[in-house]
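The sequence lines fix the lettering, A, B, ..., with proteins before strands; numbering per chain opens at 1. Note that the structure is a prediction, hence the values are computed from the model and not measured.
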Amino acid sequence: MVKGKVVALDGAKAVAEAMRQMNPDVVAAYPITPQTEIVQTFSQFVADGKVDTEFIPVESEHAAMSACVGAAAAGGRVQTATTSAGMALMWEVLYVAASTRLPIVMHFVNRALSAPLNIHCDHSDSMGARDAGWIHLFAENAQEAYDNAIQSVRIAEACMLPVLHTQDGFIISHGVERLQILPDQAVKDFIGTYKAEHPLLDTDHPIMVGPVDLPDFYTEHKRQQVDAMEKAPQVIRRVGQEYGTLTGRTYGLVEPYKLDDAEVAIVVLGSTAGTSKVVVDALRGKGVKAGLLKLRAFRPFPAQEVAVALRDKVAVAVLDRSMSFGGQGGPVFLETCAALYNGGGRARAINYIYGLGGRDTTPDQIERAFQEILNISTPGKAPVDADQSERGRQSPG
Amino acid sequence: MPINLKEVANRQDKLGPGHRMCAGCGETIIVREILSVVEDPVVVADATGCLEVATSIFPYNAWRVPWIHNAFENASSTLAGAEAMYRSLVRQGKIPEKNTKFIAFGGDGATYDIGLQWISGCLERGHRMLYVCLNNEAYMNTGIQRSSATPLGASTTTSPAGEVIPGKPQWRKPLTAIIAAHKIPFVAQAAPHAWRDLMTKTQKALAADGPSFINVLAPCPRGWRHDSNETIQMTKLAADTCIWPLFEVESGVWKLNYKPKEKKPIIEWVKSQGRFRHLLQPANQRVVDQLQAKVDEEWEELLKLCGET
Ligand SMILES: Cc1ncc(C[n+]2csc(CCOP(=O)(O)OP(=O)(O)O)c2C)c(N)n1
Ligand code: SF4
Ligand SMILES: [Mg+2]
């Protein structure tokens, strides 16, 4: 294990620091709140000669992702950063990047989508791209954002899939925390060197990137993408283990917290996991068997882990920081329910949409959610607001 | 470097045969002319459009050089990414310097319309690459829709000649001048009948220390409604009527490359293609007059810019 250096950084600066240590060959990015701090901190590293990176200060996020595709196909390490409207503008090319199997790393910050314009945190931006074919990791705090940034490169290159790892806008990106950063050499050794298998720049062996597929081949190519994504969980675990050996901080796809003997549990992503842990501790102090399942990976969705972790629970509350209008719940809820159903779980699940556009989520609210699932799990007690959110609800009739 | 046609013609084509472009298509002729004078290693990016879809149908590949397609509007930024990676890796000593050239091809839709912002960004940042507009004056790949390069009066499927409206009501965007206003090292307008001119321009563009741009008129027998054996005479007529002048702007200096001995009237251009057929009706004579006035106005402007008056 190497000794890290303890520093005080916000999440955005922590990620920019990881980028400096990783020294990508090309970075193409565009400013947008609250991600701007990443691109401007990194620009300073470029200006000060602290990295070898060719930085492309593009004129839009669509151009950023377009240039990332060209640069990654050319054969080298490529990274970008964005949030919210920036990702929405990239949307078309997110699919191209994943389908072309380019190991691009996107340092992402979660922010609400317009309208109304809002610069604060929710997850609707990256959730909008959940079917674009990217590996999608969430962080609870600045330490995890830093750690995820470094692991993303290894995961992307092993899967030949792009990775977006994200942190909650402002809450993590602009909250100064105490964290450990690795020595530069340790990062360098951990990510190793990258050699693209078929670089576009190898003009002696010309290849075609981005052809047309008619119906005879399109499905086959999509199937290969599915296969790549199915192998991703192993890779994420292996890289997370190795990172643990190096730093003492081991990562998987999920993080159960006081879950083993819990009767009720909350499922959550991102910074709210931290708030929820405080509530779990408080409830445990009162003798309530409360637990938490934090999801680190949203894509690939760790269905098996979720099913096993929640199988014996009586009731779970799934927290979503984004919506699916006209759907049956937020994206985390839908995935969790499907995992429970397919895994034979009997837990009843309710969905909370919380923290939209940066609204604070307080321990009180989490406690209330626990109270509701405790009520559900007690025979004869009606859940509060259950008609709004409970799975399998009946129409008011 | 003087061009020896025999030698150039004997080089292996970088865009091979067996693709699915229409017979007589101007685009493939231009691409082959341009690539025939590129002796250094070259990476090609292609915007969505006829050339892209008809040369890259998996598992077939008509290209003998590295080729990338990303989307409709972003061939420029995609190539800029590859060019930046090249510079990065060479600078870091990770790959050898091979004097690799970078060329993007985009249709007029990709260039004049949907991709203009991306191109402008690349030019401003100074990526060392050549962007070629294959200008057939409409969205041909999707079935002949108007673009901002489509000339006044032309009938397309989204500017059809109707009972009331006689084809496209607007003139066209002065794209080559817009690109020249970016003050990049080399900008030109060219056409495939003037092959030596186009090849020389390609050489100058690739030698430039920065971005370069060539706008090439690319007849489309399908969209323009002319016979497929008339492609080359079509662009000759365009140059002779001055609706498509051949010029270049090198380090800010405008130079006319071809001045017809006798400027032909625009009606000859109109009569040569089915897309203008409706303009031959007497009621539409005013459109022909407007077209002539536009051509004259821009030609006079160009002569001035080129110091020809
Ligand atoms: C974002 C987007 N909008 C629309 C299209 C549909 N589309 C594909 S090619 C094309 C027109 C191409 O026209 P042009 O660039 O002039 O090339 P040409 O086919 O004429 O050579 C259009 C509209 C697309 N592929 N992507
Ligand atoms: S439709 Fe026109 S531009 Fe397209 S391949 Fe045919 S001739 Fe060429
Ligand atoms: Mg066109």
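Side-chain contact check for Pro59(B) versus Phe217(A): some heavy-atom pair is nearer than 4.5 Å. Two residues are said to be in side-chain contact when any heavy atoms from C-beta on lie closer than 4.5 Å; Val65(B) and Thr203(A) fail this criterion. Put simply, the side chain of Trp118(B) reaches to within 4.5 Å of the side chain of Ser66(A), judged on heavy atoms. With contacts defined as side-chain heavy-atom distances shorter than 4.5 Å, the pair Ile56(A)/His127(B) qualifies.
Residues Ala82(B) and Leu201(A) share a closest heavy-atom pair of O-CD2, 4.2 Å. Nearest heavy atom pair, residue Ala71(A) against residue Met85(B), reads O-CE, 3.4 Å. Across Val53(B) and Val212(A), no two heavy atoms sit closer than the pair CA-CG2, 3.6 Å.
Proximity to chain B (any heavy atom under 4.5 Å) is shown, for Val58(A), by both the backbone and the side chain. With a threshold of 4.5 angstrom between heavy atoms, Ala84(B) approaches chain A through its backbone and through its side chain. Only the backbone of Thr53(A) has a heavy atom closer than 4.5 Å to any heavy atom of chain B. If you measure heavy-atom distances from Val44(B) to chain A, you find no contacts under 4.5 Å at all. For Pro57(A), the parts lying near chain B are the backbone and the side chain together; criterion is any non-hydrogen pair under 4.5 Å. Proximity to chain B (any heavy atom under 4.5 Å) is restricted, for His221(A), to the side chain, taken from C-beta onward. Proximity to chain A is limited to the backbone of Thr55(B), based on heavy atoms less than 4.5 angstrom apart. Heavy atoms closer than 4.5 Å to chain B are found in the backbone of Ile207(A), but not in its side chain. Interface residue Ala63(A): backbone and side-chain heavy atoms are both found under 4.5 Å from chain B. Proximity to chain A is limited to the side chain of Phe102(B), based on heavy atoms less than 4.5 angstrom apart.
In terms of non-hydrogen atom pairs under 4.5 Å with chain A, the most contact-rich of Thr78(B), Ile57(B), Leu79(B) is Thr78(B).
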Working for side chain to side chain contact (heavy atoms under 4.5 Å, CB included), residues Met65(A) and Asn70(B)
CA-CA 10 Å; Met65(A) 191 44 64; Asn70(B) 185 338; over 6 Å; no
Give the C-alpha distance, both sets of side-chain angles, the deciding distance and a yes or no for side chain to side chain contact (heavy atoms under 4.5 Å, CB included) between Met208(A) and His69(B).
CA-CA 8 Å; Met208(A) 167 167 273; His69(B) 162 256; over 6 Å; no
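Within a 6.0 Å sphere centred on NZ of Lys183(B), other residues, nucleotides and ligands contribute 12 heavy atoms or fewer. Residue-environment remark: NZ (Lys222(A)) exceeds the threshold of 12 foreign heavy atoms within 6.0 Å. For CD of Glu220(A), the number of neighbouring non-hydrogen atoms (other residues, nucleotides, ligands) closer than 6.0 Å is greater than 12. Within a 6.0 Å radius of NZ in Lys231(A), no more than 12 heavy atoms belonging to other residues, nucleotides or ligands are found.
The CG atom of Asp216(A) lies 9.0 Å from the CZ atom of Phe58(B); values are rounded to the nearest 0.5 Å. Here the CZ atom belonging to Arg125(B) is positioned 10.0 Å from the CZ atom belonging to Phe55(A), to the nearest 0.5 angstrom. Atom-to-atom distance recorded for Leu89(B):CG and Glu54(A):CD is 10.0 Å, nearest 0.5 angstrom. With rounding to the nearest 0.5 Å, the separation of OH in Tyr86(B) from CG in Asp25(A) is 14.5 Å. Ile68(B) CD1 to Thr100(A) OG1: the interatomic distance, rounded to the nearest 0.5 Å, is 7.0 Å.
Neither side chain, His62(A) nor Gln117(B), offers a donor N or O lying under 3.5 Å from an acceptor on the other.
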